[in-house]
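The structure appears below as structure tokens.
Excluded from the calculations below are hydrogen atoms, water molecules and symmetry mates; all remaining heavy atoms, backbone and side chain alike, are included. Letters A, B, ... are given to chains in the order of the sequence lines, protein chains preceding strands, and every chain is numbered from 1.
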Number of protein chains: 2
Amino acid sequence: MFGRCTVEYDGRAASSLGAGNRLLILKPDGTALVHTDEQRTPVNWQPPGSEHRAAVRDGRLRVRSVRENPDERLDVRFDRVEQVSALPVTGGRSVDVYGSEEDLRHRILDEPELVEPGFEPAATERATAAGPVDVFGHDDEGRPVVVELKRRRVGPDAAGQLGRYVEALARELPDGTEVRGVLVAPSVTDRAGELLAEKGLSHVPLSPPASSTTPSGDGRGSTTAPERSTDADDGAD
Amino acid sequence: MFGRCTVEYDGRAASSLGAGNRLLILKPDGTALVHTDEQRTPVNWQPPGSEHRAAVRDGRLRVRSVRENPDERLDVRFDRVEQVSALPVTGGRSVDVYGSEEDLRHRILDEPELVEPGFEPAATERATAAGPVDVFGHDDEGRPVVVELKRRRVGPDAAGQLGRYVEALARELPDGTEVRGVLVAPSVTDRAGELLAEKGLSHVPLSPPASSTTPSGDGRGSTTAPERSTDADDGAD
DNA sequence: GTGTGCATTTCGCTC
DNA sequence: GAGCGAAGTGCACAC
């Protein structure tokens, strides 16, 4: 729908938007989007799972989208509706993206020496008290190594994350076991580099492969993104 | 635009989407959005600042959106175009949101005893080697206190963040100065709670106010979001 | 332009 | 349902 409207939102936060011509998109999965002529992010929205209802109040069209947990409400009140379209969407809804962290993991499992000579991966997503470790293994002297993967340049948060994993594992293993931490990422910011140095962690500059190294049927990566796909085409509405 | 199309993306990552009917939104600021009938997030997109171009290739309409830094390209190739609309967007483009972290900060500056009795704020966004501290002040015994604000329930990352600030400040102040850290957030997860305990940090359960406590003209918050607004209405196209 | 952190983040997955 | 972390995160602001 396109037309002159006001928008009120109340839920996790609250907001109010004065009158103007905007695009309102209502999806059958319960998503609502209000777009202006700028930005990638909608000026207001409601997540999937909401319920849309339309009614005429005071002679004006009001579209209300509500969800629970958390309780949230979006009200779009139209002065004037310029256009309404019902669009029969079909075909694939999701894409396989290449160059993800998962691709970087495959790259490292294929060639562990990219981390360092003699590195031997033992597990992916290894559980620790601080959360799952991307790749866990041992160095050429048998010392445990925690590898944290990032597909892009990282800041201090990633250094902190790796530090938490290393610390959790050191606590879990026999007293005195030295646990090493390696951050694999294309690059790190200065502050991240300092943090790594402080904590005795290291950085290996490495990017995800340009195109996926994942064999199409790759077996057990505990997290292989399934491709949702709808093949029916051209329904009418 | 709505019609049957394929979508190819290459840039920070890469993806490919088979044929199907989708909605393509092109904004004058250079944003491009490809939406299916599910999810709040577009299946493909191009950020603001990109350049859109349309051309007929092999008898089919191709819309290409390109940007630099980083180099990214989005190609949408249409089999069939079901609908094209040019929509004259007008009115406000952004909203003031209530219930943000900034509102929580105002709440605390108004009533510092919400943090703890005797707490005295000294600065907001105080710079440290680890980054800016949300609220810096002193407790009833004059000890420096780092306050980190979160508008919603937090996980281990927030505990790590606060820990970094406390550590950076302790390093910066005279040797032996004890620096306290307080995480102000509605609640914390178990793991976050453990991390806080380990690092000797504390948690004060507090939420942003239900509606903004910010006086409409609030003066010097170093980050008062300006309301961009366009008042011209109903341009035609 | 890069760095840093907030966001009604969204999203997917595991427990 | 909650927790946890990735994302082509987007986005604004400071340096």
* Structure fact -> Walking DNA chain D from its 5' end, the first of A:R151 and B:A192 to be reached, judged by nearest nucleotide, is B:A192
* How far does the C1' atom of C:dT8 sit from the matching atom of D:dA14, given to the nearest Å? -> 25 Å
* Are side-chain N/O atoms of B:T31 and A:R40 paired as donor and acceptor at under 3.5 Å? -> no
* Asked: Under 4.0 Å: is that the gap between some side-chain N or O of A:T41 and OP1 or OP2 of D:dG10?
  -> no
* **Span that lies between the C1' atom of C:dA7 and that of D:dG5, in whole angstrom** => 16 Å
* Asked: Using the C1' atom in both, what is the distance from C:dT14 to D:dG8, to the nearest Å?
  -> 25 Å
* Inspect the surroundings of CD in B:E51 and state if more than 12 heavy atoms from other residues, nucleotides or ligands are less than 6.0 Å away. => no
* To do: Provide, to the nearest angstrom, the distance between the CD atom belonging to B:E102 and the P atom belonging to D:dC13.
  => 10 Å
* Does B:Q46 get its side chain close enough to the base of D:dG8, under 3.5 Å, for a donor-acceptor pair? -> yes
* Are a donor atom and an acceptor atom from the side chains of B:E72 and B:Y9 found within less than 3.5 Å of each other? -> yes
* Under 4.0 Å between a side-chain N/O of A:Q161 and OP1 or OP2 of D:dA6, yes or no? -> yes
* Tell me: CZ of A:R153 to P of D:dA6, nearest whole Å? -> 18 Å
* **D:dG5 phosphate, OP1 or OP2, under 4.0 Å from A:Y165 side-chain N/O** => yes
* Asked: Looking only at side chains, do A:N44 and A:S15 share a donor and an acceptor under 3.5 Å apart?
  -> yes
* To do: Measure the shortest side-chain to side-chain distance between A:L24 and A:F78 over non-hydrogen atoms and say whether it is less than 4.5 angstrom.
  => yes
* Asked: Under 3.5 Å, is there an N or O donor on one side and an acceptor on the other linking the side chain of A:N69 and the base of D:dG1?
  -> no
* Phosphate-side-chain proximity, B:R93 and D:dC11, N/O vs OP1/OP2 below 4.0 Å -> no
* **Closest-nucleotide ordering on DNA chain D, the 5'-leading residue of B:Y9 and A:G131** => A:G131
* To do: Among the candidates C:dC11, D:dG10, C:dG3, find the nucleotide nearest to the side-chain atoms of B:Q39.
  => C:dC11
* To do: Would you please confirm or rule out a distance under 4.0 Å between OP1 or OP2 of C:dT4 and any side-chain N or O of A:T189?
  => yes
* Looking only at N and O atoms, is any donor in the side chain of A:D157 or the base of C:dT4 less than 3.5 Å from an acceptor on the other one? -> no
* How far does the C1' atom of C:dT9 sit from the matching atom of C:dG5, given to the nearest Å? -> 13 Å
